[in-house]
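Notes follow the structure.
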Amino acid sequence: MEDAYARSITEVLDFFGVDPGKGLSDSQVALHSKIYGKNVLPEETRTPFWKLVLKQFDDLLVKILIAAAAVSLVLALINGETGLAAFLEPFVILLILAANAAVGVITETNAEKALEELRAYQADIATVLRNGCFSILPATELVPGDIVEVSVGCKVPADMRMIEMLSNQLRVDQAILTGESCSVEKELESTIATNAVYQDKTNIIFSGTVVVVGRARAVVVGVGANTAMGNIRDSMLRTDDEATPLKKKLDEFGTFLAKVIAGICILVWIVNIGHFHDPSHGGFLRGAIHYFKIAVALAVAAIPEGLPAVVTTCLALGTKRMARLNAIVRSLPSVETLGCTTVICSDKTGTLTTNMMSVSKICAVHSVHRGPTIAEYSVSGTSYAPEGMIFGSSGLQIEFPAQLPCLLHIAMCSAVCNESILQYNPDRGIYEKIGESTEVALRVLAEKVGLPGFDSMPSALHMLTKHERASYCNQYWESQFKKVSVLEFSRDRKMMSVLCSRKQTKIMFSKGAPESIVSRCSNILCNDDGSTVPLSVAVRDELESRFHSFAGKETLRCLSLAFKQMPIGQQTLSFEDEKDLTFIGLVGMLDPPREEVRNAMLSCMTAGIRVIVVTGDNKSTAESLCNKIGAFDHLEDFSGRSYTASEFEELPALQQTLALQRMALFTRVEPSHKRMLVEALQHQNEVVAMTGDGVNDAPALKKADIGIAMGSGTAVAKSASDMVLADDNFASIVAAVAEGRAIYNNTKQFIRYMISSNIGEVVCIFVAAVLGIPDTLAPVQLLWVNLVTDGLPAIAIGFNKQDSDVMKAKPRKVNEAVVSGWLFFRYLVIGAYVGLATVAGFVWWFVYSDMGPKLPYKELMNFDSCSTRETTYPCSIFDDRHPSTVSMTVLVVVEMFNALNNLSENQSLLVNPPWSNLWLVASIVLTMLLHILILYVHPLSILFSVTPLSWAEWKVVLYLSFPVIIIDEILKFFSRNSTGLRLGLRFRRPDLLPKRELRDK
């Protein structure tokens, strides 16, 4: 029944044909079960494991690698190769792909847990009226029309319409659904609100929420998927995971690379068609196969096989650093997404605030004889910890608050007229509440006031253990005032009273809404001398004025406290006793903003990130909080920037678009509104981070570019998120954004490093093929260079230090190129030099080396006809392993120097010396040791077709390698000056990746 909240009790009962005194009959239960189904969230069909595995290989780069591995294996078998040599290259490639697939499968499996954990919020049992009798049944057996009884501590088993109140009131904690900071009072009357949200449906108790006060009966109106919890599940199922900006860039780059590789491979094959007939190949077909093998080697050289593994490793290293900032990353790519976040939609309760209600203001009557009449105090402390001080109106600290009569009596009343518990949790290291937030706030106030009679009281309390300190003063007052009778809170009275006995006297303490308490008071307690005097009209007006100031301008939640001396023999209380009270004081409390939020908000503004506060609370409370934070001081007022969900929905489409661009506050929201907000912002090309902690936040967290759950939040929210804040603190988000930007910069650097290295390998093979000289590098050597000698320095580049101005730049655009036009030209130049130096090393050994044959260059170009003509040298010289060893070593060493170039995009090595990243230095040393190992250890040298080098050969390697630093220093100089910018405009490649705003560097 969709509109049960708008119908009267009789209409709802008639709709289901149920008698509220007897409940449903067995036949009705069977019929309703057929019509409406079971009260369970249906299980979603899981993606088969084999489909998840296959999905990981649905990537262009991966497909090219698999094709290269397959062709390599087939060609090896055609050529009659056997043993390890034939299978090494395909095996290594497939091993890398298997590892990446495993990571992908694990990530996708975790994503499905959110739906499973949603079921944990369904109640297990329910007290149901059927056939005139109450019985306890499994909640799964409930059907619409069942009459259910709920009481304190019950988890609501289904969506139900209230039909009968069995106590003075019923309050429900529905924070997991609406995000409201306080429990909500439920009523029997129907709701007349149009476009009613969950907060407006005050006669409906929702599945999965918890009853915190009272007892009532209700009729089930929605079960299973037709509940508020079921709507959340459906919303999560409709949400598809968005690819992260870096993933999109890498996919684009992969597509571009695939086209380039295909073009070059075909070109190399076509260029060498004339050589297919060469006698050395033994026929046209074998010649075609030989050059096809070269084309495959070229493909292996062009594809950065280690790139997926290096990206994953760098992001994983970033997550460790972020964990130290209390940001626990669940999805690796989200680390990088943080760097280009443009809007943070932040939950108010618990993220911007502490979610710990605290008394911040106290108002008492100082004296009616001499001014000022009213005394006002402020209270420090923003949590449930009994730590804080009380300050007078002049701003000076009150050393011994318990010596002031009104503050002393406020502490007594707060401790005794209270049903909550304050305790210390040693596991989490925090003070926790059991019961209503407002009552716990009063308990904490009693601790801050302290006890009378001890000059050393404040310091003495600090000597207690945290467990003892939690309720030391409260326990003292409860031992002094023994409870005799309690008049519970009721909606009509809006107050509660407790009768206590102490030393043969009886006293009644009362607390409640200010208008209810003050109207029942005939006397007031004076704070200057502790005297009790009649309450005059002038003082009453002054108190009402202060109350309106607290509740209106400062949006504090206010309570008034009072007491009354009672006859010694009285044992019970009646409503008639709640008159002629003595007014003690007025307290104002709030969910205080976190102290560090203001600076974090200002950091966001500097970094070009907009913050939108999203909350289920009402508009005035949220606006007041935003003013208290101080981060919205630049806004003259909230007009045009603050909207309730219903106000926003009523706007025309064009005005909604304009409103989104200026919005700073979004109130009275329910789950669907949060998801709608995320989608609307994404349509405006914003990169959205959404925070949340409740079950209600899960769909929006899943839809956002990066979902951020609170550490204290629900398991559902955490499972749907990309990142979890261990300390629930907004400031940690800002620190994580800075880290995300730094990680992206480093990721960009090592991607560029690997690209320039691969360009070098392509140039090497292409030039050798065009010149018609023997193969400079074997495929297994290329694979070694790509995986080991490229991989280790690339990972170490991920440790480059964060720039000091990382949070002063605007967010990078989502479509910003990983490698833009000017940079692509730079790395094309570097890559060309790497390739030419590698070929030069190969040619040097044949033509100039004292250890080589010193052939004329023409002989080298005609190597393939050696066997068909007379020569002064043996043809076996072209099978010597020295030239390819020199080439491979030049390639390794030049790439080590190139790694040093990538310490910074534009800064010289004189500014950013190698020792600024010791991890990179260590990786270069380790890479060189591994290279020396395969050169000088016999079994490995055979496997990789290499041989030991002499000192003379090592010197030539260094001469050919070092100039790469000089070339890049010159290019960096142009980048730092206007010439580089002009070249950037000339060399842009729109087909490669989108343009980048160079002025934002």
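- Qualifying side chain to side chain donor-acceptor pair (under 3.5 Å) partners for Q570, counting only residues two or more places apart in sequence or in other chains: D577.
- Between the side chain of N39 and the backbone N or O of A158 there is no donor-acceptor pair closer than 3.5 Å.
- Closest approach of V678 to A704, counting heavy atoms only: CG1-CA, 3.6 Å.
- Minimum interatomic distance between I205 and A218 (heavy atoms only, all atoms of both residues): CD1-CB, 4.1 Å.
- The salt bridge (charged side-chain N to carboxylate O under 4.0 Å, His left out) check on R171 picks up E185, E436, with sequence neighbours excluded.
- Residue T644 comes nearest to F666 through the heavy atom pair O-CE1, 3.9 Å, listed as atom of the first residue, atom of the second, then distance.
- The closest donor-acceptor contact from the side chain of S721 to the backbone of L701 lies at 3.5 Å or more, if one exists at all.
- For residues 189-211, the set of pairs meeting the salt bridge (charged side-chain N to carboxylate O under 4.0 Å, His left out) definition, not counting sequence neighbours, comprises D200-R668.
- A donor-acceptor pair is defined here as one N or O able to donate and one able to accept, closer than 3.5 Å; such a pair exists between the side chain of T353 and the backbone of K348.
- Legend: residues meeting salt bridge (charged side-chain N to carboxylate O under 4.0 Å, His left out) with E488, ordered by chain and number and at least two apart, are absent.
- When the side-chain contact (heavy atoms from CB on, under 4.5 Å) test is applied to K506, the partners found at least two apart in sequence or on another chain are V484, L499, S501, M566, Q571.
- L188 and I163 make their closest contact through CD2-C, 3.8 Å (heavy atoms, listed as atom of the first residue, atom of the second, distance).
- With sequence neighbours excluded, the residues forming a ring pair (Phe, Tyr, Trp, His ring centres under 6.0 Å) with F509 are F481, listed by chain and number.
- Counting only residues at least two apart or in different chains, salt bridge (charged side-chain N to carboxylate O under 4.0 Å, His left out) contacts with residues 15-40 are absent.
- Residues meeting the ring pair (Phe, Tyr, Trp, His ring centres under 6.0 Å) test with Y643, sequence neighbours left out: none.
- At distances below 3.5 Å, not a single donor-acceptor pair connects side-chain atoms of N131 with backbone N or O atoms of C133.
- The side-chain contact (heavy atoms from CB on, under 4.5 Å) search around S510 returns M495, S497, M508, I517, L581, not counting sequence neighbours.
- Of the charged side-chain nitrogens involved, none lies within less than 4.0 Å of a carboxylate oxygen, so that E439 and K433 do not count as a salt-bridged pair.
- Taking a cutoff of 4.0 Å between a charged side-chain nitrogen and a carboxylate oxygen, D14 and R7 do not qualify as a salt bridge.
- At a cut-off of 3.5 Å, with distance as the only test, no side-chain donor of S8 or T10 sits close to an acceptor on the other residue.
- Rounded to the nearest 0.5 angstrom, K674 NZ and M690 CE are separated by 6.5 Å.
- Residues passing the side chain to side chain donor-acceptor pair (under 3.5 Å) test with T127: none are found, sequence neighbours excluded.
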**Message:** salt bridge (charged side-chain N to carboxylate O under 4.0 Å, His left out), that's the test. Do E11 and R161 meet it? Break it down for me.
**Reply:** CA-CA 11 Å; E11 283 179 298; R161 166 69 159 90; over 6 Å; no
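- Among all heavy-atom pairs drawn from P593 and T382, the shortest one is O-CG2, 4.3 Å.
- Scanning for ring pair (Phe, Tyr, Trp, His ring centres under 6.0 Å) contacts around Y431 gives Y424, with sequence neighbours left out.
- Of all non-hydrogen atoms in Y5 and E2, the two that sit nearest each other are CE2-O, 3.7 Å.
- Listed by first and then second residue, the ring-ring contact (aromatic ring centres under 6.0 Å, His included) pairs that reach into residues 200-232 are Y198-F206, sequence neighbours excluded.
- A salt bridge links R675 with E679: the closest approach of a Lys/Arg side-chain nitrogen to an acidic carboxylate oxygen falls below 4.0 angstrom.
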